[in-house]
Amino acid sequence: MSQATRIYFYSVLMAVSIVMVFFTIQTVFIEKIFHAQKVIVPLSLGCVLGLLVGSVQVLRARLAERNRLFSALADFALEFTYFRKISGEYEYVSPACKQLTGYEQAVFYQQPNFMNHLIHPHDMKLWGGHIHNINGEGIPETIEFRILTRDGQIRWIQHLCSTVQDEKGVTIGVRSTNVDITQRKTYEQQIEFSAKYDHLTALPNRRWLMTALDERILRAGEGNENFAVMFLDLDRFKYINDTFGHAVGDVLLRQIAERFRRLDEVDELFVSRFGGDEFVIVESLREGADPIHTASRFLLLLDQPFSVNDHDFSVTGSVGIAIFPQDGETPEDLLKNADAAMYKAKREGKNNIQLYSADLAQAMSDFYHLEHLLKLAVEKDEFVLHYQPQVDLTSGSVVCVEALLRWNSRENGMIPPLQFIPVAEETGLIRAIGELVFRKACAQWRVWSDQGIRLKMAVNVSPIQFRDDNFIRQLERLLEETHMPPSELEIEITEGVLMGDIDKVLNKLKRLREMGVSIAIDDFGTGYSSLEYLKQLPISSLKIDASFVREIQSSQRDLAIVMTIEALGRNLQMLTVAEGIEEEAQYTLLKGIGCALGQGYFISRPLPAEALTSLLRDGFSLKAVA
Ligand code: C2E
Ligand code: MG
Ligand code: MG
């Protein structure tokens with residue numbers, strides 16, 4: 001027997017029993033006579049009453065059962081569920097509200113529309129629109145927003161909501177389920193972060209930059225303002241990385257990014273890390289915007305030294321600027337041209353700002369063409385050396401020859417070194433070319449030596465070549481291969497070599513001197529001459545630059561400079577060599593001042609080895625070649 005049937009049965013039995021008791025009392029104790037109709041009517045009445053009471057009992061039992069089932073589901077679900085009447089009062093709030101919001105169920109029951117108080121201020125608009133939609137059109141919705149929990153935490157919620165209607169279709173309230181999606185959102189944000197931001201500096205990364213540029217170009221097409229792309233590269237950052245390690249370099253980059261971010265926040269500039277030590281800044285060119293001024297503000301941010309692991313670092317940067325649309329209509333072109341302008345800024349002495357221009361474009365294209373040709377020239381070895389004698393000014397005899405490089409290009413004929421050495425230095429090709437020069441010069445020394453012509457060989461060395469860690473090893477090998485005594489070799493370095501890590505330079509120079517190689521400072525007086533360094537460095541001779549010799553007869557100042565350099569050399573036990581002697585009068589004057597050696601067209605132009613060989617073999621006479 002089911003529970004409902006049992007309830008029915010007991011209810012009818014109870015009703016009939018009650019009615020029968022009344023009947024018995026009435027007939028036996030009051031009327032003392034038995035009437036049949038008085039039995040049938042109460043009996044029927046009892047049955048009907050029994051049936052009614054039974055039905056009500058069954059319905060109540062079923063409702064209680066349903067409530068129990070509903071509670072079993074809703075109360076124990078992890079989702080926070082509620083039913084809110086149109087008036088705003090909560091009819092049902094599941095206990096999970098506590099875990100999600102920190103508030104007890106009672107708080108919801110006491111305060112109509114309590115959910116409104118929990119919404120994060122940034123999501124208020126979204127919530128307002130949602131509420132309106134639900135109450136108006138009645139379309140079910142799922143939205144995601146943030147709430148502030150009772151203890152002030154931010155939680156992300158997925159909120160599923162739909163209206164509830166009565167049997168006539170009238171809306172009586174809304175039911176809603178709220179799920180905690182904070183963890184999923186955190187993952188999503190992390191994924192979005194690594195897709196858009198640079199992990200080291202937390203600045204927008206290159207990918208975001210490209211998207212931002214695409215968007216700006218699109219907007220500019222709709223009549224919005226133009227913009228500037230600034231390519232900022234830190235000067236000599238590679239040196240910091242190489243010397244102090246990448247960990248220090250990384251901390252420094254983070255500190256730099258932190259300073260750059262200050263301007264990003266204030267001026268709504270887009271500041272991104274392009275890669276390595278390169279940053280790209282995009283600025284909208286509204287009324288009054290001045291990209292050069294903006295770029296200089298970024299460089300100014302670098303002015304104060306940085307401190308990493310108790311080391312102070314002075315950092316400078318070079319900036320190239322390209323403007324949309326005149327300097328490029330695609331992100332790639334704008335970046336390429338801003339980069340080209342940045343290279344020009346570096347060449348102009350670093351810590352500098354340059355705007356892209358058509359001339360620059362031409363110069364860049366010439367540069368790349370020359371680089372390409374130079375690479376081929378190295379492969380095919382299109383280089384030759386000419387040799388210019390240096391004479392003892394007193395005796396007039398040749399004591400040394402300087403090897404001077406020429407590029408014998410099949411396309412363009414003989415090209416002088418100043419036209420291609422800067423490109424070779426910038427592209428690093430100077431290392432390979434420099435090695436070729438040493439190889440050829442040492443080989444030529446061997447040829448002359450075998451012919452009984454004894455001369456010192458002077459070779460020019462570029463600062464880039466000198467800084468190479470392999471420089472000394474390479475030189476030792478070459479000297480060994482050609483059986484050339486190191487004392488027969490002189491290297492000419494410019495004052496530019498002395499810049500940078502002076503201890504490293506000093507060690508290298510000392511090592512060369514120990515080997516027996518002599519060292520001359522070329523073009524002395526035109527660069528960065530520190531008397532302090534001069535005192536420490538193991539220098540054998542100072543080559544007085546031709547610019548002081550040119551007008552030595554007419555300019556008192558030049559004469560004074562040459563005399564001072566000669567005195568300096570003499571006191572420091574260094575030889576002085578006058579360069580660019582073109583006239584006999586200059587020769588005589590320099591000899592009179594006391595310069596030891598001289599070199600110049602008056603003595604001999606630089607010549608190919610064969611031409612100089614016959615001159616040297618015939619006995620060198622100044623008059624014969626002048
Ligand atoms: P430098 O080492 O100072 O060489 C002297 C330059 O002056 C040479 O120019 C030479 O031809 C020129 N010269 C010599 N006497 C006179 C004169 O009386 N009057 C005038 N007006 N000029 C004279 P060049 O050969 O064109 O070389 C230019 C520069 O290129 C050199 O200056 C040197 O700095 C560089 N260079 C030459 N060969 C090499 C090389 O093999 N490696 C490197 N790294 N640089 C080199
Ligand atoms: Mg030289
Ligand atoms: Mg020189």
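Read the numbers this way: they start at 1 and go in the same order the structure lists the ligands and their atoms. We number each residue from 1, following the sequence as shown.
Among all protein heavy atoms, the one lying closest to atom 27 (O) of ligand 1 is Pro417 CG, 3.3 Å. Nearest protein heavy-atom contact of atom 19 (N) of ligand 1 is Glu582 OE2, 2.6 Å. Ranking protein heavy atoms by distance to atom 42 (N) of ligand 1, first place goes to Asn460 O, 3.4 Å. What sits closest to atom 44 (N) of ligand 1 on the protein, heavy atoms only, is Ser462 N, 3.5 Å. At the shortest separation from atom 38 (N) of ligand 1 among protein heavy atoms lies Leu405 N, 3.1 Å. Scanning all protein heavy atoms for the shortest distance to atom 12 (C) of ligand 1 gives Tyr601 OH, 4.3 Å. What sits closest to atom 5 (C) of ligand 1 on the protein, heavy atoms only, is Glu579 OE1, 3.9 Å.
Near Gly580, the atoms of ligand 1 lying under 4.0 angstrom from a non-hydrogen atom of the residue are 16 (C), 17 (C), 18 (O). Here is the list of ligand 1 atoms found below 4.0 Å of a heavy atom in Val437: 41 (O). Against a heavy-atom cut-off of under 4.0 Å, Gly600 is close to the following atoms of ligand 1: 15 (N), 18 (O). Annotation for ligand 1: atoms under 4.0 Å from non-hydrogen atoms of Pro606 are 11 (O).
The atom of Asp522 that is an N, O or S and sits closest to the Mg ion (ligand 3) is OD1. Take the N/O/S atoms of Glu402: the one nearest the Mg ion (ligand 2) is OE2. The N, O or S atom of Asp523 lying closest to the Mg ion (ligand 3) is OD1. Between the Mg ion (ligand 3) and the N, O or S atoms of Glu579, the shortest distance is to OE1. Nearest N, O or S atom of Glu492 to the Mg ion (ligand 2): atom OE1.
By the criterion of a heavy-atom distance under 4.0 Å, neither the backbone nor the side chain of His386 is placed next to ligand 1. Looking at Asp522 against ligand 1, only its side chain comes within 4.0 Å, counting heavy atoms. With a 4.0 Å heavy-atom cut-off, ligand 1 is reached by the side chain of Gln388 but not by its N, CA, C or O. Neither the backbone nor the side chain of Arg605 has any atom closer than 4.0 Å to an atom of ligand 1 (non-hydrogen atoms only).
Taking the centre of each ring, Tyr387 and Trp445 stay at or above the 6.0 Å mark.
Side-chain contact of Gln388 with Gln599: a donor-acceptor pair under 3.5 Å is present, judged by distance alone. Between the side chains of Ser357 and Asp359, no donor N or O sits under 3.5 Å from an acceptor N or O.
In this structure, CD1 in Ile321 is found 8.5 Å from CD in Glu283, a value given to the nearest 0.5 Å. One finds the OG atom of Ser541 at 13.5 Å from the CD atom of Gln573 (value rounded to the nearest 0.5 Å).
Not a single heavy atom of Lys543 lies less than 4.0 angstrom from ligand 1.
Distances from atom 8 (C) of ligand 1 to the heavy atoms of Ile603, Leu385, Leu404, Val461 show the closest one on Leu404. The heavy atom nearest to atom 36 (N) of ligand 1, considering only Ile581, Asp523, Ile421, Leu418, is found in Ile421.
Salt-bridge annotation for Arg570 and Glu566: present, with a side-chain N of the basic residue lying under 4.0 Å from a carboxylate O of the acidic one. The existence of a salt bridge linking Glu426 and Lys346 is excluded, since no basic side-chain nitrogen approaches an acidic carboxylate oxygen closer than 4.0 Å. A salt bridge is absent between Arg477 and Glu480; no separation between the charged side-chain nitrogens and carboxylate oxygens falls under 4.0 Å. Using a 4.0 Å cut-off between a side-chain N of Lys or Arg and a carboxylate O of Asp or Glu, Arg446 and Asp450 qualify as a salt bridge.
By the 30° and 60° cut-offs, the orientation of the rings of Phe260 relative to Phe279 is perpendicular. Trp407 and Phe420 have perpendicular rings, their planes meeting at more than 60° on a 0 to 90° scale where under 30° would count as parallel. The aromatic rings of Phe313 and Phe244 lie perpendicular to each other, with more than 60° between the two planes, well past the 30° mark.
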Discussion item. Would Asp468 and Lys508 count as a salt bridge (Lys or Arg N to Asp or Glu O under 4.0 Å) here? Give the steps.
Written reply: CA-CA 10 Å; Asp468 200 305; Lys508 263 191 190 172; over 6 Å; no
Item to complete: Run the numbers on Glu492 and Lys543 for salt bridge (Lys or Arg N to Asp or Glu O under 4.0 Å), then give the verdict.
Response: CA-CA 9 Å; Glu492 295 191 6; Lys543 294 189 76 175; 2.7 Å; yes
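Considering backbone and side-chain N/O of Gln599, none are found under 3.5 Å from N/O of ligand 1.
Within a 4.0 Å radius of atom 32 (O) of ligand 1, the protein contributes no heavy atom.
Annotation for Ala403 and Leu385: closest pair CB-CD1, 4.0 Å, computed over non-hydrogen atoms.
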